[in-house]
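Structure record follows, encoded as structure tokens.
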Amino acid sequence: MRLIFLGPPGAGKGTQAKLLTERYGIPQLSTGDMLRAAVAQATEVGKRAKAVMDAGQLVSDEIVNEIVSDRIDQSDCAKGFILDGYPRTVPQAIALGKMLEGKGLKLDAVIELKVDEAALVKRMENRVAETIAAGGTVRSDDNPEAFKRRLTEYREKTAPLSEHYAGTGQLRTVDGMADVNTVTAEIEKILA
Ligand code: AMP
């Protein structure tokens, strides 16, 4: 099972991807998580990505295409994977298509979580409050200014992906405003 989750920051892509990894026994490949790990380890990629990420802007296509391609080659992706936060631009989607073709792999579905943008800032604030309550570390781009920038980046660069995948006939849309379990059930119906 090879899936892509689309949707703005805070739509619940990560939450749903995590639930599906358990159900299908396939890993969640979050480019945001991979980049944050690279920043934490101060790798070359991490050093190049940090300032861009903190500003809520997109890291270059070249960097993310390469980290995804390397990750897909790892043995735990043999049964499939869930892409969360990638592709994020039409050129990334085109690169992914070529990458998968080169590896002899096919996508099963592209699932878009549709949400009301006004609710997203509130969700981000809740995520920050929950992280602090759990004693965790708040993401450096989870602040109102960077979050607004991430939403703008989404509107300008990522939203056109819906049309791209509608054109390939792979796009499925789910109401991301419903509660977590209802959203999961809707996704499972699509995948059944
Ligand atoms: P996320 O955890 O998906 O919200 O990603 C956090 C940040 O990582 C984004 O705001 C970008 O700076 C960067 N990032 C994650 N995935 C990508 C991607 N596919 N293309 C470019 N930048 C990305």
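For ligands, and for the atoms within them, numbers begin at 1 and follow the listed sequence.
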Side chain, backbone, both or neither: the part of [X] lying under 4.0 Å from ligand 1 by heavy atom:
X   : answer
L35 : side chain
V64 : side chain
T89 : neither

Closest protein heavy atom (residue, atom, distance) for [atom]:
atom                    : answer
atom 19 (N) of ligand 1 : G85 O, 2.9 Å
atom 16 (N) of ligand 1 : T31 OG1, 2.7 Å
atom 8 (O) of ligand 1  : M53 CE, 3.4 Å
atom 21 (C) of ligand 1 : V59 O, 3.2 Å

(Q) Between R123 and V115, is there a side-chain heavy-atom distance shorter than 4.5 Å? (A) yes
Q) Tell me, do N65 and Y86 make a side-chain contact under 4.5 Å, heavy atoms counted? A) yes
Q. What's the verdict on salt bridge (charged side-chain N to carboxylate O under 4.0 Å, His left out) for D142 and R150, showing C-alpha distance, side-chain angles and the deciding distance?
A. CA-CA 10 Å; D142 267 349; R150 284 157 65 201; 3.0 Å; yes
Q. Applying a strict 4.0 Å limit to heavy atoms, is R36 in contact with ligand 1?
A. yes
Q) In terms of atom number and element, which parts of ligand 1 are under 4.0 angstrom from non-hydrogen atoms of Q92? A) 18 (C), 19 (N), 20 (N), 21 (C)
Q: Considering the heavy atoms of Y86, write down every atom of ligand 1 situated less than 4.0 Å from one of them.
A: 19 (N)
Evaluate [X] for polar contact with ligand 1, using N/O atom pairs at a separation under 3.5 Å.
X   : value
R88 : yes
P87 : no
D33 : no

Q: Check step by step if salt bridge (charged side-chain N to carboxylate O under 4.0 Å, His left out) holds for R71 and D76.
A: CA-CA 9 Å; R71 183 66 187 85; D76 62 333; 2.7 Å; yes
Q) Do you see a donor-acceptor pair shorter than 3.5 Å between the side chains of K13 and S30? A) no
**Q.** Residues, nucleotides or ligands: over 12 heavy atoms within 6.0 Å of E117 CD
**A.** yes
Q.
Can you confirm whether K103 is buried at NZ, in the sense that more than 12 heavy atoms of other residues, nucleotides or ligands lie under 6.0 Å from that atom?
A. yes
Q. With no hydrogens and no angle check, is any side-chain donor or acceptor of R149 less than 3.5 Å from a backbone partner on Q57?
A. no
Q. Going hydrophobic residue to hydrophobic residue with side-chain gaps under 4.5 angstrom, can you get from Y24 over to V180?
A. no
**Q.** Option nearest atom 6 (C) of ligand 1 (shortest heavy-atom distance, choices R150, Q57, K157, R139)
**A.** R139
